[in-house]
Amino acid sequence: MDYNTADIESRWKKYWEENGTYRVSDDRSKPKYYVLDMFPYPSGAGLHVGHPLGYIATDIFSRYKRQSGFNVLHPMGFDAFGLPAETYAIQTGVHPAKSTNDNIEKYIQQLSNIGFNYDWSRSVKTCKPEYYKWTQWIFTQLFAHYYNNDAEKAQSIDSLVAKFEEGGSTAVNAATSLEEDFTANQWKAYSAIEKAEALMNYRLAYQKIGYVNWCEALGTVLANDQIKDGLSDRGGHPVEKRAMKQWALRITAYAGRLLSDLDSVDWSDSLKAMQRNWIGRSEGAQVFFDIENNDKKIEVFTTRPDTIFGATYMVLAPEHDWVEELTTDAQKDKIRDYISYVNSRSEIERMSEVKEVTGEFTGSYAINPFTNERVPIWIGEYVLKDYGTGAIMAVPSDDERDKAFATKFGLQIIDVVDKSDYPGSSLKDKTGKMINSGFLNGIEVVAAITAAIKAIEAKGIGSGKINYRMRDTNFSRQRYWGEPFPIRYNSEGIAEALPLERLPLTLPDTDDFQPAVGGKSPLARNEAWVNEEVGYTRETDTMPAVAGSSWYFLRYMDAGNPEEIASKENLKYWDSVDLYVGGTEHAVSHLLYARLWHKFLYDLEIVPSNEPFKKLINQGMIQGVIEFVYLQKEKGEGGQNIFVSQEIAESNPETEYAMIPIHIDFVSSYGSPDSYLDLEGLKKFTEWWPSYKGAKFISADAEYIDGGQDVEINLVTKSEVGKMSKRYYNVVNPDDMVEKYGADCFRMYEMFLGPIEQSKPWDTNGIDGVSKFLRKFWALFYTDEKLIVNDDAPKPEALKILHQTIKKVSDDIEKFSFNTSVSAFMVCVNELRSQKCHSRSILTPLVQTLAPFAPFISEELWSKLGNEGSVHHSAYPKFEEQFIKEDSIEYPISVNGKKRDAIQIPSDATKDEIEKIALASEVIQKWIEGKDVRKVIVVPGRMVNIVV
RNA sequence: GCCCGGGUGGUGGAAUUGGUAGACACGCAGGACUUAAAAUCCUGUGGCUUCGCGGCCGUGCGGGUUCGAUUCCCGCUCCGGGUACCA
């Protein structure tokens with residue numbers, strides 16, 4: 001029988017489907033294991049070979065766990081709401097629901113070709129009303145809760161109202177955006193609208209008017225993490241600041257827990273670092289500065305309260321609320337000019353020209369509480385409205401930016417830290433002794449910080465404070481293709497959440513997807529939908545894509561449940577994700593939101609665990625190779641296109657060239673520095689791109705005119721590593737790989753490429769090695785159509801290599817090191833071939849061991865060995881001890897660190913015995929003859945070193 | 001600037017975390033089979049040196065600890081990722 005991959009794959013795919021082989025039961029008698037992939041956004045382009053990398057790894061892992069006796073949940077779903085489908089709808093008129101569904105079908109097809117063991121009956125699509133019903137419900141719960149800082153958890157708004165009635169806003173220590181406190185009596189006197197507004201400052205999902213990142217081209221607002229270098233992450237459109245009323249999530253309430261609980265999860269250091277960085281905790285103090293001739297006090301945050309004696313001026317952000325009030329008549333014009341200058345600058349300009357110092361004096365003064373000196377109040381771009389309090393005390397002697405500012409505007413500088421004891425330390429280092437600082441003089445910086453905070457608290461002008469960089473995130477999008485907010489406004493304009501029985505609030509069907517100008521969602525134009533409920537109007541914004549992906553992993557636990565997110569029993573049994581695999585591009589937004597939602601649901605006692613993902617592995621990206629040819633910009637006679645070899649283009653810097661990406665299939669040894677187009681390649685190229693017919697190609701030693709006489713020519717192309725994308729003609733489709741080499745080969749090759757975590761360009765060149773391996777493996781069972789497996793007793797050498805392989809592979813799987821396990825299989829098969837071993841008792845466990853990696857060939861051979869059904873027994877229990885122990889081990893023997901020989905020592909020998917055998921052996925005697933043995937170092941199982 | 005990674009043959013990458021560096025694979029070279037090619041199989045393949053046995057050098061660079069360092073420590077350097085007027 002031949003090794004025919006297409007035949008084997010189609011039969012076994014059918015078998016799995018008919019027998020529900022990968023159906024997952026909620027069988028609570030078995031230990032559970034939850035393996036999760038980050039679900040994809042189903043784009044129209046389909047999968048390329050980079051996408052399945054992580055999926056293959058999790059598939060191997062979950063098959064391994066299942067074979068080892070675990071009840072494994074390994075689901076797949078689709079992140080189906082999002083901008084691309086809507087953009088596509090605007091361009092083509094195809095409803096996003098339709099294009100999304102078509103894409104999903106295509107994805108499922110492609111995924112099942114690779115032989116994944118997903119239980120599709122548990123699949124989720126975030127755009128389905130049955131799913132987003134619960135996304136909306138969680139939102140209503142966020143709306144109905146606030147964060148109690150004392151209890152360190154979310155509590156109901158009703159309980160908050162009770163506290164207000166008792167003691168006003170000061171009776172509660174909560175995460176809030178409330179600016180002015182109120183008493184119980186004031187609360188009671190509030191109108192319904194005033195109460196609603198006050199409560200809005202506490203809700204975990206709340207509305208606020210704030211500066212948002214508006215992208216006119218996309219017709220929506222963007223979160224900070226959707227903006228790169230002042231341009232939208234998607235599409236690269238300009239983004240401007242705009243004041244709008246938007247929904248937001250009070251993620252800052254959870255900042256402390258999101259930070260400290262990172263210690264309890266098994267994620268990579270770099271990923272944790274990215275989250276820590278994003279949360280951005282800094283310790284310091286808040287201090288209030290009196291303003292001359294004004295009752296207000298300017299609040300600042302500083303990490304260096306010790307330097308307060310050197311605070312010689314203050315700076316407010318240009319957008320600070322008090323700028324107008326603090327500006328004196330004499331300065332009015334200048335301040336107005338400055339603010340209009342700031343507003344005229346785009347985000348990109350503000351970010352790229354950070355070195356330029358700008359600012360303006362308001363004319364007002366504050367009082368330094370320690371020196372009692374008048375300090376001028378300035379405004380300046382370098383102070384950000386969104387960080388800290390939007391105002392700083394400037395200490396030009398100890399902060400580089402303050403120093404640059406003070407130097408430019410001639411402001412006073414007082415040295416407060418003597419760093420002479422710490423040569424080479426920078427201003428940022430918290431080192432040195434305090435000087436010119438009254439009671440702090442002579443104290444080291446670190447101690448001075450504590451002392452200063454104490455003094456500040458004693459004076460009643462501030463307190464120690466922890467500040468976070470992270471902001472509350474904007475949660476509104478003015479788009480069609482997202483979850484509608486389950487919110488309605490009553491006749492007074494007060495927002496109310498829809499109760500569960502009114503959910504899901506479904507998207508109206510429409511063919512109008514045009515983004516609105518002026519910040520209104522397309523839904524707002526649908527008046528029938530907006531006013532459907534008598535006496536109410538509906539919220540017309542929709543949620544961002546991150547909403548649906550913040551809790552999808554819970555839905556897999558009980559995907560069809562119409563009554564709850566998932567049943568209590570299932571939530572308890574499946575608990576949380578044991579292993580999560582996905583790319584770093586979600587390091588911040590998705591993973592932070594998912595943790596936030598999970599912690600919130602934990603507070604509500606809906607989920608039993610505090611963190612959603614116990615272990616997380618970031619798979620690297622598989623990149624593409626981009627091949628360029630150089631097209632001379634100046635055309636030849638009669639408009640002839642002229643292409644030149646790379647070395648010609650590079651040695652003629654005065655000539656201008658365009659770099660044309662070219663289909664990688666035409667290029668010989670693509671991806672290497674000396675990739676080239678030969679004559680055949682050039683012909684294919686002009687055929688495929690007819691507008692270059694008749695072009696002239698010039699290499700270092702030859703010229704060829706398309707359509708003319710054949711000449712031997714190698715036109716060197718330029719290779720780069722970059723994205724796999726249609727526009728670079730370098731997309732490698734997994735379907736093609738599966739068709740050509742088989743799914744097993746494709747799977748094993750992707751694993752063989754290198755560590756999962758590493759990014760690397762796709763290179764098909766090595767795939768033959770894996771293909772050969774699989775054929776060799778097959779050849780252990782079949783020669784010339786004949787099954788050659790025998791029932792001979794296994795030889796000890798065969799047992800040894802088998803059990804070494806089982807041990808190596810299972811250790812490697814646990815370590816998520818699949819490239820080395822593939823190698824181990826290769827070693828094993830090579831060894832069994834040279835031993836001519838066809839023993840059933842060796843091959844049976846070997847098939848079981850290979851099954852997670854190459855399920856199709858394993859299923860086929862498993863049944864050919866006479867077994868029923870799918871591979872199900874475990875080959876993974878550790879047999880190796882009983883076989884390997886009986887053997888002797890070859891010990892290398894070194895003298896003074898130099899390897900001299902090797903001898904056989906029984907593997908169960910003790911350290912002393914090893915030493916005796918080594919010293920007594922003849923081969924070693926000749927090296928140590930006549931010398932004193934000073935020391936013998938024995939590493940059991942490894943080596944012996946003799947020092948003479 | 002700051003925070004994470006990383007630097008090993010022609011290439012992708014191993015090395016049980018201090019114990020024979022280069023497993024496995026690609027590529028390359030030689031050979032077998034073949035009329036020939038493909039496929040397959042065998043042999044070799046870090047560098048220098050030697051007819052050969054062997055010897056010397058070798059994990060980005062410079063030092064250190066150790067009987068022994070790709071691994072640990074100190075100082076550089078280059079590459080990749082993240083992030084930034086963050087007070």
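Naming: A, B, ... by sequence-line order, numbering from 1 per chain.
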Practice problem: Indicate whether OP1 or OP2 belonging to B:rC26 is found under 4.0 Å from a side-chain N or O atom of A:Lys772. | Solution: yes
Quiz item: Using the C1' atom in both, what is the distance from B:rC28 to B:rA15, to the nearest Å?
Solution: 25 Å
Quiz item: Using a cut-off of less than 4.0 Å, is there contact between a side-chain N or O of A:Asn819 and OP1 or OP2 of B:rA14?
Solution: yes
Quiz item: Between A:Asn765 and B:rA25, is there a side-chain N or O to OP1/OP2 distance below 4.0 Å?
Solution: no
Quiz item: Between B:rA87, B:rA84, B:rC24, which nucleotide has the shortest distance from any of its atoms to the side chain of A:Arg469?
Solution: B:rA84
Quiz item: Between A:Pro755 and A:Phe301, which is nearer to the 5' end of RNA chain B once each is assigned its nearest nucleotide?
Solution: A:Pro755
Quiz item: Between A:Lys272 (side chain) and A:Leu262 (backbone), is there a donor-acceptor pair under 3.5 Å?
Solution: yes
Quiz prompt | Of the listed nucleotides B:rC85, B:rC41, B:rA15, the one nearest the side chain of A:Thr820 | solution = B:rA15
Quiz item: Do A:Arg747 side-chain atoms and A:Ala854 backbone N/O form a donor-acceptor pair below 3.5 Å?
Solution: no
Quiz prompt | Pair A:Lys297 + A:Glu299: basic N to acidic O under 4.0 Å | solution = no
Practice problem: Report the distance from atom OH of A:Tyr741 to atom CE of A:Met737, rounding to the nearest 0.5 Å. | Solution: 6.0 Å
Quiz item: Is the side chain of A:Asn730 donor-acceptor paired with the backbone N or O of A:Val625 at a distance under 3.5 Å, no angle test?
Solution: yes
Self-check item: Pairwise P distance for B:rG47 and B:rU59, with rounding to whole Å
Solution: 15 Å
Quiz item: Syn or anti for B:rG54, with syn set at within 90° of 0?
Solution: anti
Exercise. Using only side-chain N and O atoms of A:Gln758, determine if any of them is under 4.0 Å from OP1 or OP2 of B:rG6.
Key: no
Quiz prompt | Same-atom distance (C1') from B:rC61 to B:rC41, integer angstrom | solution = 45 Å
Quiz item: Say you pick atom P in B:rU71 and the same atom in B:rG81; how far apart are they, in whole Å?
Solution: 26 Å
Quiz item: More 5' along RNA chain B: A:Ser282 or A:Met274, using each one's nearest nucleotide?
Solution: A:Met274
Quiz item: With respect to the side chain of A:Val827, which nucleotide from B:rC3, B:rC86, B:rC24 is positioned closest?
Solution: B:rC24
Quiz item: Would you say B:rU40 has OP1 or OP2 under 4.0 Å from some side-chain N or O of A:Arg775?
Solution: yes
Quiz item: If only side-chain N and O atoms of A:Arg401 are considered, is one of them under 4.0 Å from the OP1 or OP2 phosphate oxygen of B:rC86?
Solution: yes
Self-check item: Paired nucleotide for B:rC61 [Watson-Crick or G-U wobble; both distances under 3.5 Å]
Solution: B:rG75
Quiz prompt | For B:rU16, the Watson-Crick or wobble counterpart (both distances under 3.5 Å) | solution = none
Quiz item: Considering only side-chain heavy atoms of A:Phe752, which listed nucleotide, B:rA87, B:rG12, B:rC4, is closest?
Solution: B:rG12
Quiz item: Within the structure, does a side-chain N or O atom of A:Arg276 lie under 4.0 Å from either OP1 or OP2 of B:rU83?
Solution: no
Quiz item: Picking from B:rA23, B:rA87, B:rC4, which would you name as closest to the side chain of A:Asp269?
Solution: B:rC4
